[in-house]
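Along the sequence shown, residues carry numbers from 1.
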Amino acid sequence: HVGDGAGEMGDSLVAVDLGTGRTAKSLIAALYHTCALLDTGAIKCWGRGVEGQLGNGSTNVLGDGAGEMGDSLPTVNVGNGRTARSIVSGAWSNHTCTTLDNGDLKCWGDGLYGQLGSGASVNLGDGANEMGDNLRPIRLGR
C-alpha cells in the first residue's frame, strides 16, 4: 500500500510512467485495472487482465513488475488509424469502453452479461486477434 504511511505522498509519490514524453488526458480506475487516454489519442491499461480488460490480447497482470510500464506498456489497438476520444469503465467492472475519432464505440474485457455489446456472452481482448479492426464497433441505432 502507498499513501497509508508517513512520507509516502507529495514529492515521495512516484509518478506513473506512461512512456517517453507521454501525458494522460483522462484516466479510468476500475475494480482491478486502470487505463489512461494519452495525449496522442492512444490508450494504455495496466493492472489485472484476467478478463481481457487491458485490451492487449492476454490475461496477464501488468504494472506489478519491473520493465512493464512506460515505453514497454503496450497501447490498446482500437483499429487501424483510429484514436480514442474518451474512455470509461464502471468502478466495479472488468471491462473498458472507448469512443473513437470516427464516432465508433468499442468495448473489451468481461462480457459475461453482454456488457460489451458484441451480441455474445464472451470476453474480448484476452486472446489473439480480438482487438483492432477485429473488435467490431457497437451499433446503437438502425
Side-chain angles (χ1 to χ4, degrees), residues 1-19 22-142:
H1 298 276
V2 176
D4 60 347
E8 293 180 340
M9 298 301 291
D11 291 338
S12 298
L13 186 61
V14 178
V16 174
D17 184 359
L18 298 173
R22 297 286 57 92
T23 58
K25 290 175 27 179
S26 64
L27 181 72
I28 62 104
L31 184 59
Y32 296 116
H33 76 291
T34 305
C35 297
L37 172 58
L38 304 182
D39 56 311
T40 60
I43 299 172
K44 287 191 173 190
C45 299
W46 60 96
R48 179 178 177 232
V50 174
E51 288 86 11
Q53 64 266 43
L54 303 184
N56 64 13
S58 79
T59 58
N60 295 337
V61 174
L62 292 177
D64 64 340
E68 293 181 346
M69 296 297 290
D71 294 331
S72 298
L73 185 65
T75 57
V76 176
N77 182 353
V78 294
N80 190 25
R82 300 274 59 97
T83 56
R85 279 198 236 163
S86 65
I87 53 174
V88 65
S89 183
W92 292 99
S93 71
N94 289 320
H95 71 286
T96 305
C97 296
T98 182
T99 54
L100 302 179
D101 59 309
N102 64 354
D104 281 350
L105 172 65
K106 291 187 173 187
C107 297
W108 61 92
D110 181 3
L112 181 62
Y113 300 106
Q115 62 268 47
L116 303 182
S118 67
S121 298
V122 297
N123 296 349
L124 294 173
D126 60 346
N129 301 316
E130 292 182 350
M131 296 299 293
D133 292 335
N134 293 324
L135 182 63
R136 295 180 172 222
I138 297 170
R139 299 291 176 219
L140 299 175
R142 294 181 181 194

Which heavy atom in [X] sits nearest to a heavy atom in [Y], and how many Å separate them?
X	Y	result
Thr98	Arg85	OG1-N, 4.5 Å
Thr96	His33	OG1-NE2, 2.7 Å
Ser26	Ile87	OG-CG1, 4.1 Å

| query | Which residue pairs pass the side-chain hydrogen bond (donor to acceptor under 3.5 Å, both in side chains) test when at least one of the two sits in residues 110-119, sequence neighbours left out? | reply |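 Qualifying pairs, neighbours excluded: none.
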| request: To the nearest 0.5 angstrom, please state how far the CD1 atom of Ile138 sits from the OG1 atom of Thr99. | output: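 Rounded to the nearest 0.5 Å, the CD1-OG1 separation comes to 11.0 Å.
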| Nearest 0.5 Å, what's the CG-OG1 distance between Asp101 and Thr83? | 3.5 Å
Student check: side-chain heavy atoms of [X] and [Y] closer than 4.5 Å:
X	Y	result
Pro74	Leu54	no
Leu135	Val78	no
Tyr32	Val50	no
Asn56	Cys45	no
Val61	Glu68	no

Report, one line per pair, each donor and acceptor closer than 3.5 Å where one atom sits in a side chain of residues 123-133; sequence neighbours left out.
from, atom 1, to, atom 2, distance (Å)
Asn123, OD1, Gly111, N, 3.1
Glu130, OE1, Gly125, N, 2.7
Glu130, OE1, Asp126, N, 3.1
Glu130, OE1, Gly127, N, 3.1
Asp133, OD1, Asn80, N, 3.0

